[in-house]
Amino acid sequence: MIQGFATEEGTTRFKEKHRESIAQDHFRSVNGLNLTSVGMGTYLGEPDNTTDQMVTDAVKLSIQTGAINVIDTAINYRSQKAERSIGKALKELIESGEFKRDEIFISTKNG
């Protein structure tokens with residue numbers, strides 16, 4: 001499990017990374033966090049390996065381009081596979097040094 005959560009410092013760092021490529025009014029300040037005005041939901045899709053890879057790739061690309069730093073998921077989305085695909089994407093981004101966990105806001109819930 002990846003430890004941590006979105007912070008004011010981290011989400012500001014995310015916004016600054018994308019200052020040149022993303023309109024700054026795309027970000028909203030919510031309780032001190034700089035969050036993108038749109039996020040990614042992970043509810044739909046088959047619980048199969050192909051969809052897992054598509055979700056992982058979509059999360060990575062969306063974060064890398066600065067399009068999103070908000071992700072919505074839940075334990076029951078795609079039989080827990082949505083959360084695992086998100087975790088894989090974040091792990092790869094963090095291990096590459098491109099991002100830190102505190103830059104991304106994840107909303108999850110049980111069932």
Side-chain angles (χ1 to χ4, degrees):
M1 180 190 321
I2 300 169
Q3 299 296 313
F5 50 87
T7 66
E8 182 174 355
E9 178 184 355
T11 57
T12 298
R13 184 181 329 107
F14 183 89
K15 180 180 176 181
E16 290 299 317
K17 279 183 194 177
H18 302 286
R19 178 168 290 286
E20 300 298 319
S21 60
I22 298 292
Q24 293 301 287
D25 63 356
H26 176 52
F27 293 89
R28 306 287 189 265
S29 180
V30 179
N31 296 326
L33 302 177
N34 287 290
L35 304 178
T36 51
S37 59
V38 296
M40 176 180 286
T42 60
Y43 178 65
L44 298 177
E46 295 300 320
D48 59 25
N49 293 337
T50 301
T51 305
D52 290 347
Q53 191 60 54
M54 289 191 305
V55 170
T56 298
D57 292 344
V59 168
K60 286 177 62 176
L61 182 61
S62 297
I63 291 172
Q64 289 169 322
T65 61
I68 66 153
N69 71 345
V70 176
I71 302 170
D72 174 72
T73 192
I75 195 167
N76 65 320
Y77 290 4
R78 295 181 47 251
S79 302
Q80 196 179 10
K81 292 174 78 61
E83 288 186 334
R84 291 178 183 178
S85 296
I86 293 165
K88 180 179 179 197
L90 293 179
K91 182 176 188 269
E92 290 175 8
L93 290 170
I94 292 167
E95 287 179 351
S96 73
E98 292 179 77
F99 293 90
K100 295 186 179 180
R101 172 61 187 92
D102 65 348
E103 297 177 43
I104 311 301
F105 180 89
I106 300 173
S107 171
T108 190
K109 50 244 169 245
N110 62 0

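Side chains are part of it too, since the values below use all heavy atoms of this structure and drop only hydrogens, waters and symmetry mates. For the single chain, residues carry numbers from 1 onward in sequence order.
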Membership question, hydrophobic clusters at under 4.5 Å side-chain separation (ILVMFWY): are Val30 and Phe5 in the same one? no
Would a single hydrophobic cluster contain both Ile2 and Met40, if residues Ile, Leu, Val, Met, Phe, Trp and Tyr are joined by side-chain heavy-atom contacts under 4.5 Å? yes
Does any part of the side chain of Thr108, heavy atoms only, come nearer than 4.5 Å to the side chain of Glu83, both counted from C-beta? yes
Arg13 side chain vs Glu16 backbone, donor-acceptor pair below 3.5 Å: no
Heavy-atom nearest pair, Thr36 first then Gly66, reads CG2-O, 4.0 Å
Has Asn69 got a side-chain atom pairing as donor or acceptor with Glu103's backbone, closer than 3.5 angstrom? yes
Atom CD of residue position Gln80 - does it have more than 12 heavy atoms of other residues, nucleotides or ligands inside 6.0 Å? yes
Could you check whether any side-chain N or O of Ser62 sits under 3.5 Å from a backbone N or O of Val59, counting only pairs where one atom can act as donor and the other as acceptor? no
Measure the CD1-NE2 distance between Ile63 and His18 for me, rounded to the nearest 0.5 Å. 9.0 Å
Are any side-chain N or O atoms of Lys17 and backbone N or O atoms of Glu98, one a donor and one an acceptor, separated by less than 3.5 Å? yes
Between CD on residue Glu8 and CG on residue Asn34, distance to nearest 0.5 Å: 7.5 Å
At what distance, to the nearest 0.5 angstrom, does CD1 of Ile94 lie from NZ of Lys91? 10.0 Å
Can you get from Ile71 to Phe105 by hopping between Ile, Leu, Val, Met, Phe, Trp and Tyr side chains that sit under 4.5 Å apart? no
For Arg78, the option from Thr73, Asp52, Thr42 that meets side chain to side chain donor-acceptor pair (under 3.5 Å): Asp52
Pairwise ring pair (Phe, Tyr, Trp, His ring centres under 6.0 Å) hits with a residue in residues 21-45, at least two apart: Tyr43-Tyr77
Taking salt bridge (charged side-chain N to carboxylate O under 4.0 Å, His left out) as the cut-off, I'd like each qualifying pair that reaches into residues 61-75, sequence neighbours left out, listed once. Asp72-Lys109
Applying side chain to side chain contact (heavy atoms under 4.5 Å, CB included) between Leu35 and each of Ile104, Ile68, Thr11, report the one that passes. Thr11
Let me confirm one number: the CZ-OG distance from Arg84 to Ser79, rounded to the nearest 0.5 Å. 9.5 Å
Among the clusters formed by ILVMFWY side chains lying less than 4.5 Å apart, do Ile22 and Val70 turn up in the same one? no
Derivation of the side chain to side chain contact (heavy atoms under 4.5 Å, CB included) call for Glu46 and Lys81: CA-CA 9 Å; Glu46 295 300 320; Lys81 292 174 78 61; over 6 Å; no
Within 6.0 Å of CD in Glu9, more than 12 heavy atoms from elsewhere: no
Lys100: what forms a salt bridge (charged side-chain N to carboxylate O under 4.0 Å, His left out) with it, not counting sequence neighbours? none
Can you get from Leu33 to Ile106 by hopping between Ile, Leu, Val, Met, Phe, Trp and Tyr side chains that sit under 4.5 Å apart? no
Before giving the answer on side chain to side chain contact (heavy atoms under 4.5 Å, CB included), spell out for Met54 and Thr51 the whole-Å C-alpha distance, their side-chain angles and the decisive distance to 0.1 Å. CA-CA 5 Å; Met54 289 191 305; Thr51 305; 4.1 Å; yes
In terms of heavy-atom contacts, does CD of Gln24 have more than 12 from other residues, nucleotides or ligands at under 6.0 Å? yes
